[in-house]
Amino acid sequence: MEMKKIRVTIAGVPYNIMTDEDVNYAVGLAEEIDTKITSMMRRALIAPGQAEALAILEYADSVKKLQTENEALKVQLKEYLADAAQAKSERDILKREIAKLKKNGRSEV
């Protein structure tokens, strides 16, 4: 992907950044962060640096929780796949048993 240079403003400070993401996506992230930091500064009457630190902690907390949730979902998916494989194996065994019974003249099965 091609790197693009964009200019964003966060908490009143302009930044030139390079991104290989879609420009609208990158600008949207910057706007979200700006809104969060600005809101924290207004609500709590704190300095930009403090608001930035709190915003970072909040985002880090969200990322950590999502990573934990993701790992739990991976484990659950593996369990579901194992259950599905077991069910398929049991189905195949029963199909062979039915075919064997039919072959031996037990057509009522």
* Asked: Under 6.0 Å from the CZ atom of Arg42, do we count more than 12 heavy atoms belonging to anything else shown?
  -> no
* Asked: Asp20 side chain to Glu2 main-chain N or O, any donor-acceptor pair under 3.5 Å?
  -> no
* **Heavy-atom closest contact (Pro48 atom, Ile37 atom, distance)** => O-CG2, 4.5 Å
* Short side-chain to backbone donor-acceptor contact, Lys4 and Glu21, under 3.5 Å -> yes
* Asked: Going by heavy atoms in the side chains, are Gln86 and Asp83 under 4.5 Å from each other?
  -> no
* Are Tyr80 and Leu73 connected, step by step, through hydrophobic side chains (Ile, Leu, Val, Met, Phe, Trp, Tyr) whose heavy atoms are closer than 4.5 Å? -> no
* To the nearest 0.5 Å, how far apart are CD in Glu31 and CG in Asn24? -> 9.0 Å
* Within the distance-only criterion (no hydrogens, no angle test), does the side chain of Asn70 pair as donor or acceptor with the backbone N or O of Leu66 below 3.5 angstrom? -> no
* Ile33 with Met41, same ILVMFWY side-chain cluster at under 4.5 Å -> yes
* Any chain of hydrophobic side-chain contacts (each under 4.5 Å) joining Ile17 to Val13? -> yes
* To do: Please examine the side chains of Ile46 and Leu54, heavy atoms only from C-beta on, and report whether any two atoms are closer than 4.5 Å.
  => yes
* Separation of Gln76 CD from Glu69 CD (nearest 0.5 Å) -> 10.0 Å
* **Check: Arg96 and Ile93 side chains under 4.5 Å, non-hydrogen atoms** => yes
* Shortest non-hydrogen separation from Asp34 to Gly12 and the atoms involved -> OD1-N, 4.2 Å
* Asked: Where is the tightest heavy-atom contact between Ala26 and Ile6, given as atom of each residue plus distance?
  -> CB-CD1, 3.6 Å
* Output yes when a side-chain donor or acceptor of Ser89 lies under 3.5 Å from a complementary backbone atom of Ala85, and no otherwise. => no
* To do: Say whether Leu29 and Ile10 are linked into one hydrophobic cluster, either directly or through other cluster members, by side-chain heavy-atom distances under 4.5 angstrom.
  => no
* Asked: Which pairs pass side-chain hydrogen bond (donor to acceptor under 3.5 Å, both in side chains) with one or both residues in residues 52-63, sequence neighbours excluded?
  -> Glu32-Tyr59, Lys36-Glu58, Asp61-Lys65
* Asked: Hey, what do you get for CZ (Arg43) to OG1 (Thr38), rounding to the nearest 0.5 Å?
  -> 11.0 Å
